[in-house]
Amino acid sequence: MCRIGAIKSRNYIHPSMALQLMQSQQKGHDNSGFAMVMQNLGGIFEPYKHLPTLSMACTDAGIKIAEDILHEIGFHRVMQWAPEVNDVPGLDINAMPNYVFETFDYPRNFRNAEQKEKEELLLDTRLKLRAALEPNEEGFAYSFWPDVITLKEIGDPRDIGTYFNLWTANDRFTAKVITAQCRQNTNYDIVRYAAHPFHLQGYTALANGENTFYLKNKEYQQGLHRGYIGFESDSQCFLYTLHYVHRELGWPLHYYKHVVTPLPFDDIEQREDQKQLLGIRQSLAHLEINGPNTIIGLLPDNTMFTCCDAKKLRPVVVGRDEDTVAISSEVCGINEILPDRDWETDIYPNEREVVVISDDLEVQRWKQ
Amino acid sequence: METMRLNDVTANDLPWKIKYDASRCTMCGSCVATCSFRAILPKVERRRMVFSEGNFPEPKARFSAVPVIRQAKSIRNYCRGCGMCEKVCPNDAIKPERNQDTRHPVITRCLGGDSIKRGGRKNLEGSTRTLDSIRVGRISQMTDPSLDAQRHTFDLLAPFGRILPPKKLPFSPDVDQQLVTNALTPPVNWIYPVIIGDMSIGALSWRMWEGVAMAVAYLNEECGLPVRMCSGEGGVPVRLLKSKYLKYMILQIASGHFGWNRIANAMPHMVEDPAGILIKIGQGAKPGDGGLLQAGKVAEHIQAIRGVPKADLLSPPNHQGLYSIEESVQKMFLSFNSAFKFRVPVAIKVAASATSVSVFNNLVRDPYNIVGGFFLDGIDGGTGAAHEVSLDHTGHPIVSKLRDCYLAAVTQGRQGQIPLWAAGGLGKTGDLAADAFKMIALGANGVFTGKLILQMAGCIGNDMGRCNACNTGLCPAGITTQEPQLAHRLDPEKVAQNIVNYFLAMDQEFKKLLAPIGNSSLPVGRSDALVATDHAVADRLQIQHVC
């Protein structure tokens, strides 16, 4: 069983907070992995917010393969950081030789390019890296995007935290948004790419549940966009649909909910916007999800949201204090990191709402 | 003399033999009166009885004339095994028995000099049905809970109409972040995933057709199931065309264009749009063989509805004006779309064939986005009348072909854009919910069914050659006849009741199939929910093999 969590704060926070959020839920997940995506970066990455950072776990050969590709395209490295690892014996971690976080400047011919062009270049580059690293498992390129860092590993989350020295907070490795999940994909093969959160062009998603329309989603998404690949986990479908609806179709976020869990036909008939809702249900029928799910998503502007399956078969809770909002599968995680909050303001979203946390930390409840 | 006798038709040449027990017969005459085929007749037999009355044998013979029932020995009036005689006999004195030694296929051709015609369906017996080797085998449990068929709500609807690719939807957000529509989109009706298949007035008795239409109205208005019925090619009563119930009807046009003069004339008076238009190019039970309504069934009201004289009515196997798939798109679809001002979806029905995927690809790639459904009809479906050689030796099974079309759509990322509707022997075992559900998981949006509807009404025909006389106009159940005496055997209200009840039961069964796989809407294309016990079936359909 997955447990998922997300923290969004006015201040830069350290991943130790995410570890604490998840650690108290450890009886619910199976301690088989830890994955997190940090966005809106602080610390040593703060000066480079506008430049893409590559998050990669790889062998020595993998580094060379990746750097050759990046140099060939014309990227120039401006910053490099590798976590200091604490390789004490007995840790339950299936570690890769290298964890690379490198920030690059764009190729010269792209410096004045449109934002959109740059974004396509970053995606193409990451896909190229992934393809080149895949054959001998020389490495895993998780994200290559400005202001985003991804760390994933197989093992016990507690030990993974120890290995990367993440239990002790510092102000060098921080972000204002951290999403985290503590389970490798035990449904299918255990591969690093299968651990959510997943990231694509500024969009991040993670989910707790099973997507029983996985095959339908996958078969449809494969043809929609070159970036919709992998499908090592049924939760990747949630990210791809988010990316497709919000970025490719350019629809406002609340239509994401109408795509993944459309209203019943009887309800649609009662609505003024029935024409649009029916059109969505028809044309995007293969992106509907089924089965028990809670989704946490992030948009490129750092707007965070959560929503559930149409029958509310998976729990989720949103809690907050003045400076921080946390979303968690179980309330004990929020109790751990926000013990002094007013728990009466906690939100347990229902099956027909989207809880949205804007970048200025305003929490909104949108009814579908 | 001997030679002539040898070639006379005897009961042993015919497909059914009448078993008659004179000792139980009360001579009530019910069997003879009820046999619509005149396959039995009263006859007087001369009997000789030898008896002795004294203390010692002193045999005497007495002759008497005894009335009995005998089988007609003719290739015209032969027993079809319908069993109506047995049904009406108060004493169980008579019944038909299948004759394994029948020479019917040979002598009928020899004596008639014409091809054999019959109704019923393709008799694909002797092997396990593909759908019966498939199970819904992906059971939700533990972290992915199954649903409760009684408590949860389910959305059991399927689209009829052309569905645009997402990027072609004319939606854009306004200042309030609401999507607004900037242009017209093709009409789409969401309907129950089982359409009552196209059986015409003419093929069916007016009382049968009325019963089906009543059932459809009741299912919609009282039961909340948006079931649609296809008219078949043969027109629609004007009273229905002008009524509000037209919205439950899918009007069919086939190559004979029968009844369309009236439909066109009624258009200005229609108070509702029909649910759709179905252009029939071919049908699966007798592909390449056109519709066939023999003159015997062209009663006065049929002549009126269709606007034809009393004559054999043949729908050619092809629309003679159509040269190509592209032309069918351009000409027929556009004219029907415009006739109803682009408010009514227009779909096409074709026979499953080795070439179905090509046809489907042509339609799904059409740049006009106007083909609103691909109705794929396989072998094993029923027909009112056809040449037996077509029924027995032409056709293509539906299951793999439906799957091929769906996977062709997947390859192109166009799944769902032209809804796929499948038919051809579905519900043959009486269990339509299971067959339909499996077809949906293989990629169908819905199914259509005809023959099963007749069986709900009381059709006693089966796949082993019983009855199958729909072509004769002598249907003993009053279903496929225009003879008033026969049609009156059928109670339209009872027909409607049976159909309604069957659909209500089927609706429950759909939920019982959705619940274990944890889905609340139709699992179109969810082939991962299926497993097959047959390796060849699993390979062919790309589903998991289990043993």
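No experiment lies behind these values; they were computed from the predicted model shown. Lettering follows sequence order; numbering is per chain, from 1.
- No other option in His152(B), Gln417(B), Gln412(B) has as many heavy-atom pairs under 4.5 Å with chain A as His152(B).
- Atom CG of Leu215(A) and atom CZ of Arg138(B) lie 10.5 Å apart (nearest 0.5 Å).
- Ser146(B) does not touch chain A: none of its heavy atoms, backbone or side chain, sits under 4.5 Å away.
- The closest side-chain heavy-atom distance from Gln282(A) to Leu164(B) is not below 4.5 Å.
- Proximity to chain A (any heavy atom under 4.5 Å) is shown, for Ser521(B), by both the backbone and the side chain.
- Heavy atoms from other residues, nucleotides or ligands lying under 6.0 Å from CZ of Phe154(B) number more than 12.
- Interface check for chain B: of the options Ser283(A), Gly223(A), Gly279(A), the most heavy-atom pairs under 4.5 Å are formed by Ser283(A).
- Counted within 6.0 Å of CD on Gln544(B), heavy atoms from surrounding residues, nucleotides or ligands total 12 or fewer; the atom is thus considered open.
- Contacts of Ile289(A) with chain B are absent, with no heavy-atom separation under 4.5 Å from either backbone or side chain.
- Here the CG-NE2 distance, from Leu179(B) to His258(A), works out to 9.0 Å after rounding to the nearest 0.5 Å.
- When the candidates Pro264(A), Pro262(A), Gly291(A) are compared by the number of heavy-atom contacts under 4.5 Å with chain B, Pro264(A) comes out ahead.
- Interface residue Gln178(B): backbone and side-chain heavy atoms are both found under 4.5 Å from chain A.
- The CG atom of Asp155(B) sits 8.5 Å away from the CG atom of Asp267(A) when rounded to the nearest 0.5 Å.
- Here the CZ atom belonging to Arg414(B) is positioned 10.0 Å from the OH atom belonging to Tyr220(A), to the nearest 0.5 angstrom.
- For Pro523(B), the parts lying near chain A are the backbone and the side chain together; criterion is any non-hydrogen pair under 4.5 Å.
- Residues Tyr214(A) and Asp528(B) are not in side-chain contact: their nearest non-hydrogen atoms beyond the backbone lie 4.5 Å or more apart.
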side-chain contact (heavy atoms from CB on, under 4.5 Å) assessment of Asn519(B) paired with Thr212(A)
CA-CA 7 Å; Asn519(B) 286 169; Thr212(A) 56; 3.0 Å; yes

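- Contact annotation: the side chain of Thr185(B) approaches that of Lys275(A) to within less than 4.5 Å [non-hydrogen atoms, C-beta and beyond].
- At a 4.5 Å heavy-atom cutoff, the contact between Leu522(B) and chain A is made by backbone atoms alone.
- In this structure, the portions of Glu248(A) lying under 4.5 Å from any heavy atom of chain B include both its backbone and its side chain.
- Between Tyr244(A) and Lys167(B) there is a side-chain heavy-atom pair separated by less than 4.5 Å.
- Proximity to chain A is absent for every atom of Ser172(B), based on heavy atoms less than 4.5 angstrom apart.
- Between chain A and the residues Ser520(B), Ala409(B), Pro173(B), the largest count of heavy-atom pairs under 4.5 Å involves Ser520(B).
- Residue Leu147(B) touches chain A through its side chain alone, counting heavy-atom pairs closer than 4.5 Å.
- For Leu169(B), the part lying under 4.5 angstrom from a heavy atom of chain A is the side chain only.
- Interface residue Ile280(A): backbone and side-chain heavy atoms are both found under 4.5 Å from chain B.
- Rounding to the nearest 0.5 Å gives a distance of 11.5 Å between CZ of Arg526(B) and CD of Glu219(A).
- Here NE2 of His286(A) is found 8.5 Å from CD1 of Ile163(B). Values are rounded to the nearest 0.5 Å.
- The shortest distance between side-chain heavy atoms of Pro166(B) and Val245(A) does not fall below 4.5 Å.
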